[in-house]
Amino acid sequence: MAEILAITPAAAEEGPVTTSLDRGVLRLTLANPPANALSLSVMTALTTELDRAKADKAVRVIVLSAAGKVFCAGHDLKEMTARRSDADRGKAFFEETFAACATLMQAIVHHPLPVIAEVDGLATAAGLQLVASCDLAIASHEATFCTPGVNIGLFCSTPMVALSRNVSRKQAMEMLLTGETIDAATAKEFGLVNRVVPREYLNQIVTKYAQTIASKSSLVVKTGKEAFYAQAEMGLADAYAYTGRVMVENMLARDAQEGIGAFIGKRKPEWTDE
């Protein structure tokens, strides 16, 4: 995985989330620096792009990245504070915001395609939640992470959902209760990120991971991702029963027949994604 590739940048659309597609890898970039905050419009844009990617057969892997020095500073607190002047003190808007956030995070987890976070800079609160919700996360040495809500009177309860599903309870509570920032090396030790790499190679290494995954059968990858998250919520016996059924159906797929045949015949498989 350490090989470095030369990447040709593709043109991106204007907006709070820009997009580019290269060799099956769709890059969604948060483009509202300096904070890249998850305002309601940004979360809606991300969710829309994720939904759009489901129907695009050219897309096989998704990368989430960010422009600027901050990956994502979490919810747009200025946007939320401005709504305190509403008749309901902002309650309806707060409900809408957190519901949109939950929809976005679940859209990543339940997306049929793998989603990789490319993290450079600070990922805090809902920004950390975004990283933790992705299937893989690769960070630069300069990346930092925190759930600082406790410091401002707003416990990071929704980020806690994704965080606690990635790291141990003790480590999650350490971050949630202290609000302190951890560096990329500690995030890797905790299990929040997969790898920590030099900033100058971050984009290239993430792209290498993405293209490696994109070269697999999309049917098999989709099947595996769905099964991974489903079995994780089950007891041991139920998990084995469920994944056994998944493997039977997988064995009956054309790509399984092709892949096994190619392995036995010592040739490269030709996927049909069926």
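Screening Lys57, Arg60, Lys222, Lys216 against Asp273 for a side-chain hydrogen bond (donor to acceptor under 3.5 Å, both in side chains) leaves a single residue, Arg60. Here the rule is side chain to side chain contact (heavy atoms under 4.5 Å, CB included) with Asn250, and of Thr243, Val220, Asp255 only Val220 fits it.
Cluster membership check: Leu219 does not share its hydrophobic cluster with Ile260, using side-chain heavy-atom separations under 4.5 Å among Ile, Leu, Val, Met, Phe, Trp and Tyr. Note on Val197: it does not cluster hydrophobically with Leu122, by side-chain heavy-atom contacts below 4.5 Å among ILVMFWY residues. Cluster annotation: Val70 and Leu30 are assigned to distinct hydrophobic clusters (Ile/Leu/Val/Met/Phe/Trp/Tyr, side-chain heavy-atom contacts under 4.5 Å, transitive). Val131 and Leu104 fall within a single hydrophobic cluster, where Ile, Leu, Val, Met, Phe, Trp and Tyr side chains are chained together by heavy-atom contacts under 4.5 Å. One hydrophobic cluster holds both Leu46 and Phe98 under the rule that ILVMFWY side chains link at heavy-atom gaps under 4.5 Å.
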(request) Show your working on side-chain contact (heavy atoms from CB on, under 4.5 Å) between Arg195 and Ile205 and close with a plain yes or no. (result) CA-CA 10 Å; Arg195 286 191 63 186; Ile205 291 174; 4.0 Å; yes
(message) As a quick check of understanding, evaluate side-chain contact (heavy atoms from CB on, under 4.5 Å) for His111 and Lys225, giving each step before the final call.
(response) CA-CA 9 Å; His111 203 284; Lys225 175 175 174 175; 3.9 Å; yes
(request) Check step by step if side-chain contact (heavy atoms from CB on, under 4.5 Å) holds for Glu95 and Lys91. (result) CA-CA 6 Å; Glu95 290 175 343; Lys91 181 181 179 182; 3.1 Å; yes
(request) Given side-chain contact (heavy atoms from CB on, under 4.5 Å), test Leu26 with Thr19 step by step and report yes or no. (result) CA-CA 7 Å; Leu26 174 65; Thr19 67; 4.3 Å; yes
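In this structure, the separation between NE2 on His110 and OG1 on Thr103 is 10.5 Å, given to the nearest 0.5 Å. Distance check: Thr147 OG1 to Glu180 CD gives 10.5 Å after rounding to the nearest 0.5 Å. A distance of 8.5 Å separates CD1 of Ile108 from CD1 of Ile62, quoted to the nearest 0.5 Å. Note that CG of Asp88 is 8.0 Å distant from CZ of Phe94, once rounded to the nearest 0.5 Å. Interatomic distance, Gln204 CD to Thr207 OG1, rounded to the nearest 0.5 Å: 7.5 Å. The CD1 atom of Ile116 lies 11.5 Å from the OG atom of Ser65; values are rounded to the nearest 0.5 Å.
For Met234, the CE atom is densely surrounded, since the number of other residues' heavy atoms within 6.0 Å is greater than 12. Dense packing is recorded around CD of Glu274, with more than 12 heavy atoms of other residues, nucleotides or ligands lying under 6.0 Å away. Residue Tyr240 places its OH atom among 12 or fewer non-hydrogen atoms of other residues, nucleotides or ligands, all under 6.0 Å distant. Dense packing is recorded around CD of Glu79, with more than 12 heavy atoms of other residues, nucleotides or ligands lying under 6.0 Å away. Atom CZ of Arg267 has more than 12 neighbouring heavy atoms from other residues, nucleotides or ligands inside a 6.0 Å radius.
Looking at Arg254 and Glu270, no side-chain N of the basic residue comes within less than 4.0 Å of a carboxylate O on the acidic one, giving no salt bridge. Ion pairing of Arg27 with Asp22 is absent here, as no side-chain N (NZ or NE/NH1/NH2) approaches a carboxylate O to less than 4.0 Å.
Residues Gln129 and Val161 have side chains not in contact (no heavy-atom distance under 4.5 Å, counting atoms from C-beta outward). Residues Pro114 and Leu136 form no side-chain contact, since every pair of their non-hydrogen atoms from C-beta on lies 4.5 Å or further apart. Under the 4.5 Å side-chain criterion, counting only non-hydrogen atoms from C-beta, Leu40 is in contact with Phe93. Side-chain contact between Pro33 and Lys69 is absent, with no heavy atoms from C-beta onward closer than 4.5 Å. Glu233 is listed as a side-chain neighbour of Arg165, based on a closest heavy-atom distance under 4.5 Å. A heavy-atom distance below 4.5 Å is found between the side chains of Met175 and Leu163. Counting only heavy atoms from C-beta outward, the side chains of Phe155 and Leu177 approach each other to under 4.5 Å. Taking the side chain as every heavy atom from C-beta outward, Met105 and Leu130 approach each other to under 4.5 Å.
Within the 3.5 Å criterion, the main-chain N or O of Arg52 finds no donor-acceptor partner in the side chain of Asp56. His75 places no side-chain N or O within donor-acceptor distance of the main-chain N or O of Met80, the cut-off being under 3.5 Å. Gln106 places a side-chain N or O within donor-acceptor distance of the main-chain N or O of Ala102, the cut-off being under 3.5 Å. Between the side chain of Asp135 and the backbone N or O of Val115 there is at least one donor-acceptor pair closer than 3.5 Å. Under the 3.5 Å distance criterion, the side-chain polar atoms of Asn32 are matched with a main-chain donor or acceptor of Ala37. The main-chain N or O of Ser215 is found under 3.5 Å from a side-chain atom of Trp271 such that the two form a donor-acceptor pair. Distance alone, capped at 3.5 Å, is enough to place a donor-acceptor pair between the Ser140 side chain and the Glu142 backbone. Looking only at distances, no side-chain donor or acceptor of Lys54 sits under 3.5 Å from a matching main-chain atom of Pro112. A donor-acceptor pair under 3.5 Å is absent between the side-chain atoms of Asn36 and the main chain of Ala73, judged by distance alone.
If you check the side chains of Asp183 and Thr186, you find a donor sitting under 3.5 Å from an acceptor. In this model, no donor atom of one side chain and acceptor atom of the other lie less than 3.5 Å apart for Ser39 and Asp76.
Across Cys156 and Leu176, no two heavy atoms sit closer than the pair O-CD2, 3.6 Å. Residue Val17 comes nearest to Ala45 through the heavy atom pair CG2-CB, 3.9 Å, listed as atom of the first residue, atom of the second, then distance. Leu64 and Phe71 get closest at one heavy-atom pair: O-CE1, 3.9 Å. Annotation for Ala214 and Arg23: closest pair CB-O, 4.4 Å, computed over non-hydrogen atoms. Contact detail for Leu21 and Ala58: the closest heavy-atom pair is CD2-CB, 4.0 Å. Between Ser164 and Ala172, the shortest heavy-atom contact is CA-CB, 4.3 Å.
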